[in-house]
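As structure tokens, the structure follows; a few thoughts come after it.
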Amino acid sequence: MMFALIDCNNFYASCERVFRPDLIGKPIVVLSNNDGCIIARSNEAKDLGIPMGAPVYQFEKLIKENKISVFSANFSLYGDMSHRVMSLLAEYSPDMEIYSIDEAFLKLDGFDRINLQSYGLDMQRKITKWTGIPISVGIAPTMALAKMANRIAKKFPQKTQNVYLINTEEKRIKTLKWLPVADIWGIGRQHTKRLTALNVQTAFDFTQLSDAWIKKHLSILGLRLKRDLEGVPTLELEESKAKKNIATTRSFETNYTELDQLKERVTTFAVSCAEKLRKQSSCCNAVMVFIHTNGHRKKLPQYSKNIVIKLPFPTNSNIELANFAVTALEKIFKPGYFYKKAGVIAMDFTPQDQTQLNLFENRDLSHIPIMNAIDRINRKFGQQKVRLGSQDFGRVWKMRQERLSPCYTTDLADIITVKS
DNA sequence: TCTGGGGTCCTAGGACCC
DNA sequence: TCTGGGGTCCTAGGACCC
């Protein structure tokens, strides 16, 4: 039994390149919402020393000097490209877990007679050719080891052709000794600090620690990880489950001081959460709302508060969720502050078809067909065509997206023209 | 001037019950 | 002098992932 981890190389940057082949080999960065931080970099941009998550304004000079192409995040494009990659990958195994927008695990059960090296190479070539997105493939007896194999495939593209297979004990040990402890899947900053203090430098050193120590300091998760690194399959594919929380949160382009401005934002966030809830056929029983000022402006007075309210009945109606969220907002809003960010998080779900009618609450059941109609209209004519009256009709609010690429694959208006 | 967004799981400790 | 024991549920906080 083996696992494969397939990871798209510099995914967002690669998506931008698919329709801009002139940028192949040139540095690219992709920005977060509001064009704030750098959230993706091509290899060339990484080589120039641009760190992940850096505020873009700190690198303006470097960007200019090196003619780095800058893009606002285009999630419709990335989502669609991801879907294309995943559909192709699904043909390589009946057991797949889509781990993130650019990563998937395949379980290779019953592949004993298959040459996995060439199987991986076939995947690598086909996906890259058919979608334009370069990928790396790691194959190993456990999920954690497949993650490590993938790093090698990505780190040594010439040597490996972006495919690396761990199928012997020598290779496993060699890989463990090569990987710094900070780069182990599941070991973050805090654990790294603690481990390097004990002179645990590599993944191999980590596997030499006692079970008791690991359990005590890294919990049961650390212990499972150790087993997996030892080559004993312990982690397993997870089937895609309904989400347990659904959030919509945003920073604002400018500061807000008025309750009404925040009410509009919170309404829109709540509507977005309700839509996501309906997509997975859930209703929520609680909602959290938070607001805060800009933590980076240390000289301004700071205020940060969240509140969770339990709902009298489960809902996924735009109208009801927005009303509850606004009620919550009113409880935490304090005048006199410059607000920079707000969010709505739906929690505590029950399946839509199991929601019980509450005798003591006048729940308006007419919302169900109304929401169905809204969803159909918005699906057909584009997002947000139907909105609540309290939402942003005058485009008061906008996100800064100055460098947005066209939606080549999801918007007819943006489709490319080929001239011959 | 300018600093992202959306998730998961585990544990310890308190409240509460019998 | 001397003040039980065990279980469950919930929550906050901390860690991690992309």
Side-chain angles (χ1 to χ4, degrees), chain A residues 5-12 29-40 50-61 63 70-75 78-79 82 97-105 143-144 147 150 181-195 214-225 235 238-255 269 272-273 276-277 280 285-286 288 290 292-300 306-308 310 338 340-349 399-403:
Chain A
L5 174 68
I6 295 87
D7 189 328
C8 301
N9 303 345
N10 313 319
F11 182 56
Y12 296 167
V29 295
V30 178
L31 307 182
S32 62
N33 284 341
N34 272 320
D35 291 350
C37 290
I38 292 165
I39 56 166
I50 296 189
M52 176 67 173
V56 65
Y57 73 89
Q58 290 174 0
F59 290 85
E60 296 288 6
K61 194 164 164 247
I63 287 169
V70 180
F71 291 93
S72 303
N74 183 345
F75 289 111
Y78 310 152
S82 169
E97 176 188 346
I98 297 178
Y99 184 72
S100 74
I101 192 165
D102 71 335
E103 260 179 76
F105 283 100
M143 288 175 71
K147 265 275 194 190
N150 185 285
V181 74
D183 294 341
I184 303 175
W185 183 40
I187 303 292
R189 285 237 277 277
Q190 301 307 313
H191 291 338
T192 299
K193 232 190 256 171
R194 175 169 262 149
L195 289 163
I214 291 181
K215 171 89 197 297
K216 181 166 176 216
H217 294 102
L218 279 71
S219 86
I220 189 77
L221 299 172
L223 209 50
R224 285 188 204 139
L225 178 62
L235 306 174
E238 278 171 34
E239 43 204 289
S240 67
K241 287 174 290 199
K243 295 206 183 348
K244 296 176 175 173
N245 291 297
I246 284 177
T248 299
T249 70
R250 289 288 179 279
S251 319
F252 314 134
E253 192 186 3
T254 56
N255 294 323
F269 298 162
S272 156
C273 286
K276 295 178 196 172
L277 281 167
Q280 67 163 40
N285 290 279
M288 176 195 281
F290 72 81
H292 61 75
T293 50
N294 189 339
H296 298 284
R297 298 281 89 84
K298 304 255 192 278
K299 285 175 191 157
L300 290 178
N306 71 61
I307 183 174
V308 178
K310 294 214 183 275
F338 297 99
K340 182 63 177 171
K341 184 169 178 174
V344 174
I345 301 163
M347 306 186 303
D348 189 10
F349 298 168
M399 182 159 70
R400 202 165 72 173
Q401 281 189 308
E402 288 168 358
R403 326 261 203 147

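In what follows, chains are A, B, ... by sequence order, proteins preceding strands, each numbered from 1.
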Evaluate the side-chain proximity of N294(A) to L300(A): yes if any heavy-atom separation is below 4.5 Å, no if none is. no
Over how many whole Å does the gap from L235(A) atom CG to dT8(B) atom C1' extend? 14 Å
Under 4.0 Å, counting only non-hydrogen atoms across every strand here, what does K147(A) touch: a base, just sugar-phosphate, or nothing? sugar-phosphate
Could you check whether the rings of Y12(A) and Y78(A) sit parallel, tilted or perpendicular, using 30° and 60° as the cut-offs? parallel
Residues in residues 181-189 of chain A with a heavy atom under 4.0 Å of DNA chain B, by number, are none
Write down the distance separating the P atoms in dC18(C) and dT3(B), rounded off to the nearest Å. 26 Å
Using a 4.0 Å heavy-atom cut-off across all strands, classify I101(A) as base, sugar-phosphate, or nothing. nothing
Could you state the interatomic distance from CG (N34(A)) to NZ (K341(A)), rounded to the nearest 0.5 Å? 10.5 Å
Nearest whole Å is fine: how far is dT1(B) P from K340(A) NZ? 13 Å
Proximal nucleotide (of dT3(B), dG6(B), dA15(C)) relative to the H296(A) side chain: dT3(B)
With a 4.0 Å cut-off on heavy atoms, is D102(A) in touch with a base, just the backbone sugar-phosphate, or nothing at all? sugar-phosphate
Those residues at least two apart in sequence (or on a different chain) that pass side-chain hydrogen bond (donor to acceptor under 3.5 Å, both in side chains) with Q280(A) are S282(A)
When the nearest nucleotide of DNA chain B is assigned to E238(A) and to N33(A) on a heavy-atom basis, which residue is associated with the more 5' position? N33(A)
Base, sugar-phosphate or nothing for E103(A)? Non-hydrogen atoms, less than 4.0 Å. sugar-phosphate
Report which part of the nucleic acid R297(A) touches: base, sugar-phosphate, or nothing (heavy-atom distance under 4.0 Å, all strands). base
Have a look at I220(A) and say if it touches a base, only the backbone sugar-phosphate, or nothing, with a 4.0 Å heavy-atom cut-off. sugar-phosphate
Under the rule of Watson-Crick or G-U wobble with both distances under 3.5 Å, where | means paired to another strand and [ ] a crossing pair, DNA chain B maps to ....||||||||||||||
